[in-house]
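The first residue in the sequence is number 1, and the count goes up from there.
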Amino acid sequence: MKRFSLSLVAMFVLAISAAAQVETWQIDPFHSAAQFAVRHFGISTVRGAFPKLSGTVQYDPGDPAKTVIDVTIDAASVNTRVEPRDKDLRSPNFFDVEKFPTITFKSKHAEAAGKGKLKVTGDLTIHGVTKEVVLDVDGPNGPFKDPRGNQHMGASATTQINRQDFGVKGAPGGVGDDVQITIDVEAVKPASPAAAK
């Protein structure tokens, strides 16, 4: 019985130790953005961004497979530097932001994909439609500690989707269906109160 109790204690300590290595980082909205690129009439590329996003990243440098990403993008923040086009993108012709105000990505699985790289599989929701996608992640890089003791790390993720799969059907023939997506994220883990003193 004593040996059994010691085994349970050891398992409990190991579980606590493993959990402690997984750290939660907050996405820094001032240094993060989601960009996209799509062909126009098949002859040029239009690029835009969603500069307003938020979320969290759970990361264990010793076990990247434990990575968990949860990102929410403000669909109305779409910016292609042409206001009439952005207004159209916010309309029911494309993102219909009044009805679907957010775009989200929630990871389900992560795996190492070479030195400093990850493959993260998760659910991407656009226009109220959810599809599984795979993000190719370069990073994370860091961490870097700022003068206040806060830690920062960064990563860039890319994927390609077909907008028709998500019910975004505006301007058929004029706007390409394949959309390249890049998400650049800087995440912050605040210094503990004791360390900040």
Side-chain angles (χ1 to χ4, degrees), residues 19-38 45-81 86 89 95 97 100-127 129-161 163 166 168 178-192:
Q21 294 173 4
V22 179
E23 300 177 328
T24 298
W25 300 68
Q26 299 292 325
I27 291 176
D28 179 355
F30 299 110
H31 298 99
S32 304
Q35 297 92 35
F36 63 90
V38 63
T45 300
V46 172
R47 302 180 190 278
F50 295 92
K52 293 184 179 180
L53 56 83
S54 60
T56 58
V57 177
Q58 294 180 31
Y59 181 67
D60 178 359
D63 188 357
K66 294 179 181 177
T67 299
V68 178
I69 302 172
D70 189 338
V71 179
T72 298
I73 297 168
D74 180 354
S77 72
V78 63
N79 183 1
T80 65
R81 301 172 300 282
D86 295 344
L89 290 172
F95 294 111
V97 300
F100 307 107
T102 61
I103 297 169
T104 62
F105 176 80
K106 298 181 184 297
S107 68
K108 300 191 295 186
H109 173 72
E111 60 184 293
K115 186 176 181 180
K117 297 182 182 297
L118 295 171
K119 279 193 179 294
V120 179
T121 301
D123 287 332
L124 177 65
T125 301
I126 300 174
H127 197 253
V129 178
T130 301
K131 298 286 184 181
E132 185 176 275
V133 301
V134 178
L135 299 182
D136 293 311
V137 181
D138 185 3
N141 304 309
F144 170 83
K145 185 178 290 188
D146 68 25
R148 296 181 178 181
N150 304 313
Q151 295 191 69
H152 302 250
M153 68 175 182
S156 181
T158 59
T159 191
Q160 178 175 299
I161 64 169
R163 67 188 181 99
F166 293 87
V168 181
D178 293 330
V179 183
Q180 300 285 339
I181 296 174
T182 301
I183 304 174
D184 292 309
V185 167
E186 183 172 322
V188 181
K189 184 163 69 70
S192 65

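Across all their heavy atoms, Pro140 and Ala155 have their closest contact at CA-CB, 4.0 Å. The two residues Pro64 and Ala110 have their closest heavy-atom pair at O-CB, 3.8 Å. When all heavy atoms of Val97 and Ala76 are compared, the closest pair comes out as CG1-N, 3.8 Å. Looking at every heavy atom in both residues, Thr159 comes nearest to Val134 through OG1-O, 2.9 Å.
With salt bridges taken as basic N to acidic carboxylate O contacts below 4.0 Å, one links Asp136 and Lys119.
In this structure, OG1 in Thr130 is found 6.0 Å from CG in Asp123, a value given to the nearest 0.5 Å. Once rounded to the nearest 0.5 Å, the distance linking CG of Leu135 with CG of Leu124 reads 8.0 Å. Atom CD1 of Ile126 is separated from atom CD1 of Ile181 by 5.0 Å, given to the nearest 0.5 angstrom. For the atom pair OG1 (Thr125) and CD1 (Ile103), the distance works out to 10.0 Å, reported to the nearest 0.5 Å. Note that the CZ atom of Phe105 and the CD1 atom of Ile69 stand 6.0 Å from one another [nearest 0.5 Å]. For the atom pair CG of Asn79 and CD of Gln35, the computed distance is 11.0 Å after rounding to the nearest 0.5 Å.
Using modelled atom types, one finds a donor on one side chain and an acceptor on the other under 3.5 Å when comparing Ser156 with Asp184.
No side-chain heavy atom of Thr45 sits under 4.5 Å from any side-chain heavy atom of Val38. For the pair Trp25 and Gln151, the minimum side-chain heavy-atom distance is below 4.5 Å. Side-chain contact between Glu23 and Lys189 is present, with heavy atoms from C-beta onward closer than 4.5 Å. Between Met153 and Val188 the shortest side-chain heavy-atom distance does not fall below 4.5 Å. Inter-residue side-chain proximity for Val71 and Ser32 is flagged as unmet; no heavy-atom pair is nearer than 4.5 Å. Looking at heavy atoms from C-beta onward, Val57 lies out of side-chain contact with Val68 at the 4.5 angstrom threshold.
In terms of the salt bridge (Lys or Arg N to Asp or Glu O under 4.0 Å) criterion, Lys131 has no residue partners (sequence neighbours excluded). Evaluation of the salt bridge (Lys or Arg N to Asp or Glu O under 4.0 Å) rule for Asp28 yields no partner, not counting sequence neighbours. When the salt bridge (Lys or Arg N to Asp or Glu O under 4.0 Å) test is applied to Asp70, the partners found at least two apart in sequence or on another chain are Lys106. With sequence neighbours excluded, no residue forms a ring-ring contact (aromatic ring centres under 6.0 Å, His included) with His152. Qualifying salt bridge (Lys or Arg N to Asp or Glu O under 4.0 Å) partners for Lys52, counting only residues two or more places apart in sequence or in other chains: none.
Pairs engaging residues 47-67 under the ring-ring contact (aromatic ring centres under 6.0 Å, His included) rule: Phe36-Phe50, Phe50-Phe95 [sequence neighbours left out].
Ser77 places a side-chain N or O within donor-acceptor distance of the main-chain N or O of Asp74, the cut-off being under 3.5 Å. A donor-acceptor contact shorter than 3.5 Å is absent between the side chain of Asp60 and the backbone of Lys66. Counting only distance, with no hydrogens or angles, the side chain of Thr102 and the backbone of Ile73 share no donor-acceptor pair below 3.5 Å. In this structure a side-chain-to-backbone donor-acceptor pair under 3.5 Å is missing from Arg47 to Ala37.
Environment of NZ in Lys145: sparse, with no more than 12 heavy atoms of neighbouring residues, nucleotides or ligands closer than 6.0 Å.
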Given side chain to side chain contact (heavy atoms under 4.5 Å, CB included), test Ser107 with Val120 step by step and report yes or no. CA-CA 7 Å; Ser107 68; Val120 179; 3.5 Å; yes

Output, in order, the C-alpha distance, side-chain angles, deciding distance and verdict of side chain to side chain contact (heavy atoms under 4.5 Å, CB included) for Leu53 and Thr72. CA-CA 6 Å; Leu53 56 83; Thr72 298; over 6 Å; no

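Taking the six-membered ring wherever Trp is involved, the centroid distance between the rings of His127 and Phe100 falls below 6.0 Å.
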